[in-house]
Amino acid sequence: MPELPEVEHVVRSLRRAVLSRTIVAAEVRLPKLVAPTSRAAFSRKIKGSRITAVSRRGKFILIELQNLSSAKSQVLVVHLRMTGRFMVLSLDDDLPKHAHAVFYLDDERRLVFNDQRQFGVMRLVAASRVSQTKGIEQLAPEPFSDDFTNDYLKQILNRSRRTLKTLLLDQTRVLGLGNIYASEALFRAGINPFVVAAELSSRRVPRLHQGIRDVLRAAISGNSSRRLNLESPEGFSYGEAFGKVWQVYDREGKPCYRCGTPIRRLTHGGRSTYWCPRCQRK
DNA sequence: ACCCTCACCTGCACGC
DNA sequence: TGCGTGCAGGTGAGGG
């Protein structure tokens, strides 16, 4: 589910909730979550580790662990995919239905990974190898870094015959957008989602660049204004609940906030694209 | 090298 | 009420 802003928010919440805690035991209940590592090996490696940092790269969550006995530093790399969630529960709380991993902390609490659709993945890697980890090594520059420039975006666009909407979902080209914010970024830029990337006129590239950064920034600050509380799992959801960031997504047939024209939706490749046919003419 | 389709899962909203 | 269909915030394998 989460796109970059939601992952960023999960990272900040994890820092508040579990930074400096030690994992006294780990229990994996869904083997494929940590495959090809066995559940036993995974638990053994993680047990007795202290959480020394929480960060992210794109949509990957990086939980840095210091092994107290061997002084070895490793990183728990987590991808939430569509429905993965972290929660912090007390020992008394019932586990939610899809709790696939439970980390017992040294303060009588449990960090729980819950994932209804079971797409999420977890991997332990040596700290020095995080950037070479499959999935991470090919990622595009962080959208707020100095490397994500208009020129970079222009080059990427020029090399592709795919539509803008499809290209924006490719994390190796543009990092951080998902199906919601790809539509939203294009709306903000006033650009039609079905334009072939290489055919976007040069003067529109900066607008797209701005649209991408603006929507991510707006979503991150919207999320931040309403804190994600890992301790009350029922108390939060991603997306619209966090602020009015969605201007076209899930608004088929409803009037465009800018011009009143009904928002349109098309599915291609099994994914919905939303746009305003007037504000985003070809 | 690129790009498309499908597969991975559960659950919900919808129409009949 | 039940059942079938389509859809859901993401990616990766496999094939053209």
Side-chain angles (χ1 to χ4, degrees), chain A residues 1-11 29-36 56-61 77-86 95-101 113-123 133-140 143 155-187 193-199 212 215-216 218-220 222-223 228 234 236-253 265-274:
Chain A
M1 38 164 113
E3 303 179 30
L4 186 142
E6 290 76 26
V7 173
E8 174 63 28
H9 204 54
V10 170
V11 164
R29 315 164 95 215
L30 182 73
K32 71 173 180 178
L33 175 63
V34 298
R56 63 157 188 82
R57 174 81 175 94
K59 301 175 188 171
F60 287 86
I61 296 169
V77 178
V78 184
H79 200 299
L80 304 173
R81 295 287 177 94
M82 299 284 261
T83 49
R85 286 180 177 193
F86 278 109
L95 287 179
K97 187 170 177 186
H98 303 286
H100 304 316
F113 181 75
N114 193 66
D115 186 3
Q116 178 195 111
R117 290 176 75 178
Q118 305 181 12
F119 292 167
V121 283
M122 225 173 241
R123 255 195 102 173
T133 302
K134 186 166 61 106
I136 292 184
E137 58 179 347
Q138 309 264 48
L139 293 178
Q155 274 183 41
I156 288 299
L157 296 172
N158 283 343
R159 291 207 305 253
S160 174
R161 298 299 305 168
R162 296 142 96 187
T163 66
L164 290 172
K165 169 65 184 341
T166 302
L167 187 70
L168 291 184
L169 293 176
D170 184 342
Q171 303 298 297
T172 69
R173 309 305 158 107
V174 174
L175 188 59
L177 300 173
N179 202 43
I180 294 175
Y181 297 134
S183 283
E184 297 296 335
L186 287 161
F187 174 74
F194 307 107
V195 168
V196 171
E199 289 169 9
I212 292 166
V215 76
L216 292 175
I220 289 171
N223 287 354
L228 177 64
E234 306 308 321
F236 78 90
S237 62
Y238 294 113
E240 195 158 36
F242 286 111
K244 197 165 181 181
V245 175
W246 300 5
Q247 298 185 31
V248 287
Y249 188 81
D250 204 25
R251 296 198 64 245
E252 183 181 17
R265 176 177 81 104
L266 261 189
T267 63
H268 53 128
R271 320 216 68 195
S272 293
T273 297
Y274 296 84

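We name chains A, B, ... by the order of the sequence lines, and we start the count at 1 in each one.
- In terms of modelled atom types and a separation under 3.5 Å, the side chain of A:Gln118 and the main chain of A:Leu30 share no donor-acceptor contact.
- Look at CD on A:Gln116: it is 9 Å from C1' on C:dA8, rounded to the nearest Å.
- When the side chain to side chain contact (heavy atoms under 4.5 Å, CB included) test is applied to A:Arg159, the partners found at least two apart in sequence or on another chain are A:Gln155, A:Ile156.
- Pairs engaging residues 172-182 of chain A under the salt bridge (Lys or Arg N to Asp or Glu O under 4.0 Å) rule: A:Asp170-A:Arg173 [sequence neighbours left out].
- Secondary-structure annotation of DNA chain C gives the stems B:2-8 with C:10-16, B:10-16 with C:2-8, with a stem taken as at least 3 successive Watson-Crick or G-U pairs whose two distances both fall under 3.5 Å.
- Applying the 4.0 Å criterion to OP1 and OP2 of C:dT11, one finds that A:Gln171 has a side-chain N or O inside that range.
- Between A:Glu8 and A:Arg56, at least one side-chain N (NZ, or NE/NH1/NH2) sits under 4.0 Å from a carboxylate O, which counts as a salt bridge.
- Across all strands shown, A:Gly270 has heavy atoms under 4.0 Å from sugar-phosphate atoms exclusively, and none from any base.
- Both geometric conditions, a ring-centre gap below 5.5 Å and a plane tilt below 30°, are not fulfilled together for A:Phe119 over the base of C:dT11.
- Applying the side-chain contact (heavy atoms from CB on, under 4.5 Å) test between A:Pro2 and each of A:Ile61, A:Val10, A:Leu80 identifies A:Leu80 as the sole match.
- Side-chain nitrogen and oxygen atoms of A:Lys59 include at least one within less than 4.0 Å of the OP1 or OP2 phosphate oxygen of C:dT11.
- Toward the 5′ end of DNA chain C lies the nearest nucleotide of A:Thr267, the other residue of the pair A:His79 and A:Thr267 mapping further downstream.
- The CG atom of A:Leu30 sits 15 Å away from the P atom of B:dC8 (whole-angstrom rounding).
- The interatomic distance linking A:Leu169 (CG) with B:dT5 (C1') rounds to 15 Å, in whole Å.
- Between B:dG11 and A:His98, a contact under 4.0 Å exists linking OP1 or OP2 to a side-chain N or O.
- Note on A:Thr166: every side-chain N or O is 4.0 Å or more away from OP1 and OP2 of B:dC3.
- Not counting sequence neighbours, A:Ser160 has no partner by the side chain to side chain donor-acceptor pair (under 3.5 Å) test.
- Between the P atom of C:dT11 and the CD1 atom of A:Ile136 lies a distance of 12 Å, rounded to the nearest Å.
- Side-chain contact check for A:Lys165 and A:Asn179: at least one donor-acceptor pair (N or O, by modelled atom type) lies under 3.5 Å.
- In this structure, A:Leu157 atom CG and B:dC2 atom P are separated by 14 Å, rounded to whole Å.
- Under the rule for a side chain to side chain donor-acceptor pair (under 3.5 Å), A:Thr133 has no partner lying at least two apart in sequence or in another chain.
- Look at CZ on A:Arg161: it is 11 Å from P on B:dC4, rounded to the nearest Å.
- Taking side-chain N and O atoms only, A:Lys97 has a distance below 4.0 Å to OP1 or OP2 of B:dG11.
- C:dG12 sits 24 Å from B:dG11 when the P atoms are compared, rounded to a whole Å.
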Show each protein N/O and nucleotides 12-14 of chain C N/O combination with a separation under 3.5 Å, one pair to a line.
none

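- The backbone N or O of A:Gln247 sits less than 3.5 Å from a side-chain atom of A:Arg251, completing a donor-acceptor pair.
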